[in-house]
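Working notes, beginning with the structure itself.
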Amino acid sequence: MNSNLKNKVAIITGARRGMGKADALLLSQVGAKVVVADISQEECQLVADEIKKNGGEALAIKCDVTNKKEIEEMVKKTVEKFGQVDILVNNAGICEFKPFLEMTEEEWKKTLDINLKGYFLCAQACAKEMAKQKSGVIVNIASVVMGQIGKGMAGLAHYSASKGGIAALTKTLALELAPYNIRVNTIAPGAIDTPMAASSKIDPKMLEATLAMIPLHRMGKPEEIASTVLFLASEDSSYITGSIIVVDGGWLA
Ligand code: NAP
């Protein structure tokens, strides 16, 4: 096993809470210098302070992933502070239930802008640095709600389209970036117990029905996604690129 990330620099978007925070804490524990990025500078700082208190290195950066200028600034500050960008965890996302027949163009655009355009912009900005170094890893967080190998979910037309887009983007980026020794993979989480899941206002009956379909009969923990992020970010997965790894307690089984 080679999950040591000593001297590696990781940018994690949407890292003030939920899975992104769990990723930041775990990657810092194994030696990575971590950039905690999200839309609230204060809350990013709290996570960065926690990492530093535990003996790690971290930098808090306010970055809205729909804003190209803020993304470029985030990459610039990362290189100024830590000298390089080795790992990007594209994690920031939203999930707002709305019946398809009532969905507005604005709601569709908001979700696609954050969940898909944001992944493109962050991947491109980081890959430009990684290409110069001739090494890098991009881990995209999609969802089991993405069609193809995954499933659909009523009320999430925009979300499922964005997550399916991430899966497609992953495969193409894996091809285009392999010559630069940059690996690109996607994790498709099932139902994970995070603030997003809590705030999605999922009908308790729907949650019960969902849990009944999950062979392990429980939601996953953010740490159970973070351990997969670490695997994909490390040399343990050195021959894996263009893959979609499902972490769902057996939901799709
Ligand atoms: P979370 O707790 O809501 O964390 C996501 C973070 O991203 C939040 O801090 C959120 O801030 C931030 N964010 C939203 N818009 C942003 C923007 N424009 N720029 C930067 N940051 C932004 O959610 P999570 O459950 O950890 O989800 C993390 C990822 O996993 C998402 O991509 C999600 O779609 C995916 N996922 C989650 C589940 C699940 O069951 N939880 C399952 C499958 C996939 P705000 O709260 O202010 O919006």
Side-chain angles (χ1 to χ4, degrees), residues 11-26 35-47 60-71 73-74 88-97 107 109-123 125 139-147 149-153 155-156 158-167 169-170 186-202 206-207 210-211 213-214 218-226 228-229 244-249 251-252:
I11 293 178
I12 302 167
T13 67
R16 73 180 172 96
R17 68 180 200 187
M19 288 184 224
K21 179 179 175 186
D23 299 342
L25 295 178
L26 182 62
V35 173
V36 179
D38 206 312
I39 45 182
S40 157
Q41 176 70 34
E42 293 73 29
E43 293 190 38
C44 289
Q45 194 57 56
L46 291 176
V47 177
I61 298 182
K62 185 222 171 259
C63 178
D64 177 342
V65 299
T66 64
N67 185 322
K68 192 173 180 202
K69 272 212 176 87
E70 287 190 19
I71 293 166
E73 193 58 24
M74 169 179 73
L88 166 68
V89 184
N90 251 336
N91 167 79
I94 58 166
C95 176
E96 297 174 344
F97 279 82
E107 287 162 342
K109 186 173 183 309
K110 181 183 170 196
T111 294
L112 270 289
D113 274 359
I114 296 172
N115 290 13
L116 187 55
K117 188 184 88 172
Y119 279 44
F120 153 65
L121 290 174
C122 290
V139 180
N140 294 320
I141 306 299
S143 167
V144 292
V145 181
M146 63 149 134
I149 65 157
K151 57 205 271 71
M153 188 169 284
L156 290 181
H158 45 9
Y159 183 83
S160 59
S162 72
K163 296 302 187 180
I166 291 169
L169 180 70
T170 296
T186 277
I187 298 173
I192 310 299
D193 194 4
T194 67
M196 174 189 276
S199 67
S200 290
K201 298 188 190 78
I202 300 171
M206 186 179 159
L207 180 61
T210 301
L211 291 180
M213 286 187 287
I214 298 174
R218 64 172 176 87
M219 294 180 85
K221 300 181 207 134
E223 294 74 19
E224 291 174 309
I225 301 301
T228 311
V229 168
I244 297 165
I245 311 258
V246 176
V247 184
D248 70 344
W251 195 0
L252 296 185

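We count ligands from 1, going down the list as the structure has it; atoms in each ligand are counted the same way. These values consider heavy atoms only, across backbone and side chains, with no hydrogens, waters or symmetry-generated copies.
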Please indicate whether any nitrogen or oxygen in I192 is less than 3.5 Å from any nitrogen or oxygen in ligand 1. yes
Identify, for atom 15 (N) of ligand 1, the protein heavy atom at the shortest distance, and state residue, atom and that distance. I114 CG2, 3.7 Å
For ligand 1, which is the ligand I care about here, please tell me if D64 has any N or O atom under 3.5 Å from one of the ligand's N or O atoms. yes
Indicate yes or no: does an N/O atom of Y159 lie under 3.5 Å from an N/O atom of ligand 1? yes
Should the proximity of R16 to ligand 1, defined as any heavy atom under 4.0 Å, be assigned to the side chain, the backbone, both, or neither? side chain
Write out the residue and atom name of the closest protein heavy atom to atom 9 (O) of ligand 1, then the distance separating them to 0.1 Å. D38 OD2, 2.8 Å
Part of V145 with heavy atoms under 4.0 Å of ligand 1, whether side chain, backbone, both or neither: neither
Answer yes or no: is there a donor N or O on one side and an acceptor on the other, between the side chain of Q45 and the main chain of A60, under 3.5 Å? no
Test of understanding: given a 4.0 Å heavy-atom threshold, classify the contact between T194 and ligand 1 as side chain, backbone, both, or neither. side chain
If we ignore hydrogens and angles and just use 3.5 Å, is the side chain of N115 paired with the main-chain N or O of I94 as donor and acceptor? yes
Is the backbone N or O of A15 less than 3.5 Å from a side-chain atom of D38, with the two atoms forming a donor-acceptor pair by type? yes
Mind checking whether C63 contacts ligand 1 via backbone (N, CA, C, O), side chain (CB onward), both or neither, at a 4.0 Å heavy-atom cut-off? backbone
Ligand 1 and M19, any nitrogen or oxygen pair closer than 3.5 angstrom? yes
